[in-house]
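Because the structure is a prediction, the values reported are computed rather than measured. Quick note: numbers below take in every heavy atom, side chains included, and nothing from hydrogens, waters or symmetry partners.
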Number of protein chains: 2
Amino acid sequence: MSNPTENKEIRDLSKFDSEIYENISTLIENEADKSLVNLLADLHSADIGEIINHLDFDDAVYTFKLLDHEVAGEVLTELDENLRERLLAEIETDHIANIVDQLDTDDATDIVSDLPEQIKEQVLDKIDKEYSEDVKELLKYPEDTAGGIMNSDFVFVYESQLVKDAIEEVRKNAEEIDHIYYIYVLKDNHELVGTVSLKSLLINPLDKPISSIMEEDLVYVTPEVDQEEVARLIEKYDIVSIPVVDEKMIMLGRITVDDVVDVIHEEASEDLQRLAGLSEEEEFSDSSFRISRNRLPWLLIGLTGELISAVVLFSFEASIAQIIIASFFIPVVMAMGGSSGTQAAIVMVKSLTESEYWIRDSLKRIFKEFRVALLNATVCSAVLLFVTHYFFKAEVYFTLVLTFSLFIIMTNATMIGALIPIIMKKVGADPAIATGPLVTTINDILGLSIYLTLVTIFLIQ
Amino acid sequence: MSNPTENKEIRDLSKFDSEIYENISTLIENEADKSLVNLLADLHSADIGEIINHLDFDDAVYTFKLLDHEVAGEVLTELDENLRERLLAEIETDHIANIVDQLDTDDATDIVSDLPEQIKEQVLDKIDKEYSEDVKELLKYPEDTAGGIMNSDFVFVYESQLVKDAIEEVRKNAEEIDHIYYIYVLKDNHELVGTVSLKSLLINPLDKPISSIMEEDLVYVTPEVDQEEVARLIEKYDIVSIPVVDEKMIMLGRITVDDVVDVIHEEASEDLQRLAGLSEEEEFSDSSFRISRNRLPWLLIGLTGELISAVVLFSFEASIAQIIIASFFIPVVMAMGGSSGTQAAIVMVKSLTESEYWIRDSLKRIFKEFRVALLNATVCSAVLLFVTHYFFKAEVYFTLVLTFSLFIIMTNATMIGALIPIIMKKVGADPAIATGPLVTTINDILGLSIYLTLVTIFLIQ
């Protein structure tokens with residue numbers, strides 16, 4: 001039959017099926033270890049991880065300790081990061097070493113890298129020598145690079161070998177390596193020269209030389225490549241795994257699509273977080289203090305920015321006192337500048353970070369944004385003119401100045417939103433900075449200044 | 001050797017290598033068809049697609065017409081949607097039929113579904129009967145469901161067959177089906193009973209019954225399941241393809257991870273777009289008018305909302321005229337309410353749409369958001385109190401009212417941001433609506449009303 005970790009019942013708990021969760025809570029309460037072990041044995045590690053994420057901390061530790069090494073390792077990779085850290089602090093070093101030993105090198109590296117320095121050394125000392133060397137090697141790469149997400153487990157053959165040798169390699173590694181999609185074909189010095197899909201192995205005669213069926217045009221990355229770039233390549237070329245090589249094409253490891261799916265998700269979350277001014281991803285088990293600490297920095301930066309807006313308004317006190325109606329439209333000019341700037345920034349950042357963008361298009365893009373800005377500013381100003389005149393029945397002079405201000409502010413904000421990402425890219429910074437609250441705040445301040453300056457120039461004698 | 005479409009040079013053009021692009025432009029200009037065909041023959045379809053996306057329309061059509069059917073099909077799937085539509089309008093129906101005939105059923109369905117009704121019929125009439133039936137079947141499912149992204153090409157064996165029969169099936173389908181990861185094991189009535197990985201086929205004896213090595217605990221979906229849910233399952237269970245079955249477990253098709261990667265990307269883009277108030281994704285080849293039309297609806301909704309804010313301010317005209325300093329802090333209360341509400345909404349939507357959320361946690365979550373709101377509101381109010389008192393040297397009474405207002409507004413906005421997604425989920429609507437400009441605008445209006453009401457109550461005699 002199939003191996004023990006594969007043969008699990010799939011109970012996707014997110015479908016709000018909390019029955020199992022209740023059962024587990026009851027079993028923990030009654031310390032019914034045996035029944036609990038039996039129940040857990042039927043579940044997929046991803047589901048066990050999800051349950052443990054939702055248990056109280058003591059129950060989480062209790063349940064985790066009941067898992068056997070192999071399952072425990074897989075469950076660890078599913079836990080919220082801060083829960084995992086706290087939980088591992090409760091587990092003996094020997095036990096951690098046994099668990100880590102069962103994992104793929106990339107997952108093992110993730111877990112070991114989060115351990116306190118002293119425990120880390122101890123764990124690395126206790127696990128299999130060769131495996132530990134691999135993990136130490138992987139620990140050198142930054143977390144968000146190809147090296148940081150690759151694993152060193154892959155199946156390879158030498159270019160002089162035959163199809164049957166490759167199949168034999170698959171057989172030998174089948175137990176240890178879960179996901180095998182391609183066999184890598186190497187020279188004697190481990191230089192990568194080709195790949196062969198399992199499909200090719202199946203359909204070709206056993207005694208055919210591997211070099212005659214291998215794919216030689218390769219998509220590969222070096223370890224320092226950003227994980228987002230890895231994801232882009234896998235997405236673009238529709239592949240399920242990508243080899244990682246050094247600058248001499250020596251094979252170092254491979255990255256599989258399941259890790260890339262996580263990367264895409266992570267990067268997308270990061271974009272959303274940035275836009276909302278969250279410092280990092282929040283997890284269910286985070287405390288209120290931790291969440292507050294996560295959200296406060298950007299709130300305080302926003303507060304500072306808006307206090308500068310207040311200073312701007314202060315400096316126009318005389319104008320506002322004289323034309324009180326001007327203050328009623330502060331929300332309009334602020335919000336419209338902010339929105340049009342954010343729209344332009346998001347679209348620009350998206351094309352700067354995705355494949356479709358080429359530097360040679362920059363100028364074209366900026367002109368297009370300018371035309372869009374003029375169009376949208378015209379429409380919105382016309383609506384504002386109409387409403388202010390007919391509904392608010394404001395003075396004609398004021399109406400004209402307000403409308404003209406909105407036009408200038410929207411055009412200006414759109415161009416700022418479009419230009420800042422390009423400038424960031426040119427100086428080598430992350431263009432996405434432009435989508436955060438920082439730029440919205442800058443647009444707020446600029447918008448108010450433009451508005452009140454125009455009001456003062458045209459309406460104050 | 002390997003098949004013609006696989007053996008392409010990988011020239012990832014996004015690395016701002018525009019040399020090839022210049023060459024192609026020159027060849028088009030000189031109508032050097034033969035050289036152009038040779039140059040294109042060396043490129044991967046994903047790269048050709050990228051180039052065509054950046055050419056002027058006439059050049060794009062010219063280049064596309066030079067591609068052979070097989071490559072043309074793959075390139076079509078890489079093109080910006082509106083360019084594809086315009087380009088296909090320039091191609092003869094016969095040629096379209098030939099191109100579509102080369103594609104996987106899911107890609108063929110995508111392309112056929114965008115054709116004008118009359119052309120669609122003609123194309124379906126001209127392609128292979130059986131294939132055309134498959135495509136017609138797939139056309140029935142909404143684009144963003146499992147049925148909409150599945151394809152009907154998969155390799156299967158009956159449960160009574162042997163490993164060698166499965167290998168024979170792989171061999172027979174190898175040419176036609178690009179990505180084969182699992183063989184599906186079916187009963188005579190095509191009910192799905194198990195899956196076998198290519199790895200298992202390689203390592204097991206040829207005469208072993210397939211039923212003895214198949215995986216019976218299956219992750220599967222029905223065609224009406226949302227594509228986002230499909231992505232979540234593939235991500236959670238680290239799988240590379242998922243079978244689609246009807247309610248009687250009859251096998252209909254499969255979804256491969258490369259399509260899911262696109263889905264994850266698409267959904268992430270959608271979240272960002274929603275947050276920025278963009279109606280749909282913008283593409284490089286979109287005209288200024290199209291882009292403007294995409295951005296205007298939310299700008300106009302925002303304008304309407306802020307005009308309501310202006311009405312609120314109007315109705316407090318007397319208070320503002322009396323306490324002019326109150327108007328200087330309008331940006332502060334608006335922006336802080338908006339930011340804290342958006343932060344809460346994004347975090348809540350994220351956990352509502354991802355696996356970690358369970359209904360039973362709702363109450364816990366809301367309490368946690370409330371505690372976070374109190375913490376952040378306290379810190380920001382304290383900062384505001386300090387700055388207003390020492391820097392702006394405002395009257396003590398006003399300072400206290402302003403600070404108290406900020407506290408109430410931030411707490412209120414956070415709770416609104418957290419609650420609206422939950423309410424949406426309970427009534428079956430999309431929780432993500434809460435992250436759009438709509439809710440920010442509501443928070444703007446509420447924030448201003450709270451602020452000016454408090455100012456009027458406490459400071460106006």
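- For the options A/Leu201, A/Asp258, A/Asn204, heavy-atom pairs under 4.5 Å to chain B are most numerous at A/Asp258.
- No side-chain heavy atom of A/Phe289 sits under 4.5 Å from any side-chain heavy atom of B/Arg371.
- Between chain A and the residues B/Ala310, B/Ala321, B/Gly305, B/Gly302, the largest count of heavy-atom pairs under 4.5 Å involves B/Ala310.
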What's the verdict on side chain to side chain contact (heavy atoms under 4.5 Å, CB included) for A/Cys380 and B/Leu300, showing C-alpha distance, side-chain angles and the deciding distance? CA-CA 7 Å; A/Cys380 291; B/Leu300 290 174; 4.0 Å; yes
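- The CD atom of A/Glu306 sits 8.5 Å away from atom CE of B/Met336, with the distance rounded to the nearest 0.5 Å.
- Residues B/Ser339 and A/Leu303 fail the side-chain proximity criterion, which asks for heavy atoms closer than 4.5 Å.
- Contacts with chain B were tallied for A/Asn53, A/Leu406, A/Val333, A/Ile291; A/Ile291 has the most, counting heavy-atom pairs under 4.5 Å.
- By the 4.0 Å N-to-carboxylate-O rule, A/Asp47 lies close enough to B/Lys236 to be salt-bridged with it.
- Looking at B/Ile234, neither its backbone nor its side chain comes within 4.5 Å of chain A, counting heavy atoms on both sides.
- Among the candidates A/Ile180, A/Ile346, A/Leu296, the residue making the largest number of heavy-atom pairs closer than 4.5 Å to chain B is A/Leu296.
- Inter-residue side-chain proximity for B/Leu299 and A/Gln343 is flagged as met; some heavy-atom pair is nearer than 4.5 Å.
- Using a 4.5 Å cut-off between heavy atoms, B/Ile324 contacts chain A through its side chain alone, with no backbone atom that close.
- Salt-bridge formation is detected for the pair B/Glu369/A/Arg295: a Lys NZ or Arg NE/NH1/NH2 atom is positioned less than 4.0 Å from an Asp or Glu carboxylate oxygen.
- If you tally non-hydrogen atom pairs under 4.5 Å between each of A/Gly49, A/Ala344, A/Ser287, A/Ala373 and chain B, the highest count goes to A/Ala344.
- Neither the backbone nor the side chain of A/Ser241 comes within contact range of chain B; no heavy atoms are under 4.5 Å apart.
- Distance CD/B/Glu74 to CG/A/Asp238: 9.0 Å, rounded to 0.5 Å.
- A/Leu202 has its side chain out of reach of B/Arg171: every pair of non-hydrogen atoms, C-beta onward, lies at least 4.5 Å apart.
- Looking only at heavy-atom pairs under 4.5 Å with chain B, the residue among A/Val260, A/Asp259, A/Asn294, A/Val379 that has the most is A/Val379.
- For the atom pair OG (A/Ser340) and CH2 (B/Trp298), the distance works out to 15.5 Å, reported to the nearest 0.5 Å.
- B/Leu448 touches chain A through its side chain: at least one heavy atom from C-beta onward sits under 4.5 Å away, while N, CA, C and O do not.
- Proximity to chain B is limited to the side chain of A/Glu78, based on heavy atoms less than 4.5 angstrom apart.
- In this structure, OG in A/Ser288 is found 11.5 Å from CZ in B/Phe370, a value given to the nearest 0.5 Å.
- By the 4.5 Å heavy-atom criterion applied to side chains, B/Phe391 and A/Val311 are counted as neighbours.
- Under the 30°/60° scheme for interplanar angles, the aromatic rings of B/Tyr237 and A/His44 are found to stand perpendicular.
- Scanning all heavy atoms of the two residues, the minimum distance from A/Asn376 to B/Ser292 falls at OD1-OG, 2.6 Å.
- Contacts of B/Ile320 with chain A are made by both backbone and side-chain atoms, with heavy-atom separations under 4.5 Å.
- The nearest pair of heavy atoms linking B/Lys368 to A/Asp286 is NZ-O, 2.7 Å.
- Residue A/Leu374 does not touch chain B at all, counting heavy-atom pairs closer than 4.5 Å.
- Interface remark: B/Leu307 contributes backbone and side-chain atoms alike to the contact with chain A (heavy atom separation under 4.5 Å).
- Scanning for side chain to side chain donor-acceptor pair (under 3.5 Å) contacts around A/Asp444 gives an empty result, with sequence neighbours left out.
- Taking the side chain as every heavy atom from C-beta outward, B/Val332 and A/Ser309 never approach each other to under 4.5 Å.
- Between chain B and the residues A/Val347, A/Val170, A/Ile264, the most heavy-atom pairs under 4.5 angstrom are made by A/Val347.
- Between atom NE2 of residue A/His265 and atom NE2 of residue B/His265 there is a gap of 12.5 Å, rounded to the nearest 0.5 Å.
- Residue B/Val257 touches chain A through its side chain alone, counting heavy-atom pairs closer than 4.5 Å.
- Within the model, atoms CE of A/Met334 and CE of B/Met334 stand 4.5 Å from one another, a figure rounded to the nearest 0.5 Å.
- When heavy atoms are compared at a cutoff of 4.5 Å, B/Ala231 does not approach chain A at all.
- In this structure the side chain of B/Tyr181 reaches within 4.5 angstrom of the side chain of A/Val240, judged on heavy atoms.
- Under the rule for a side chain to side chain contact (heavy atoms under 4.5 Å, CB included), the partners of B/Asn173 that lie at least two apart in sequence or sit in another chain are B/Val155, B/Glu169, B/Ile177.
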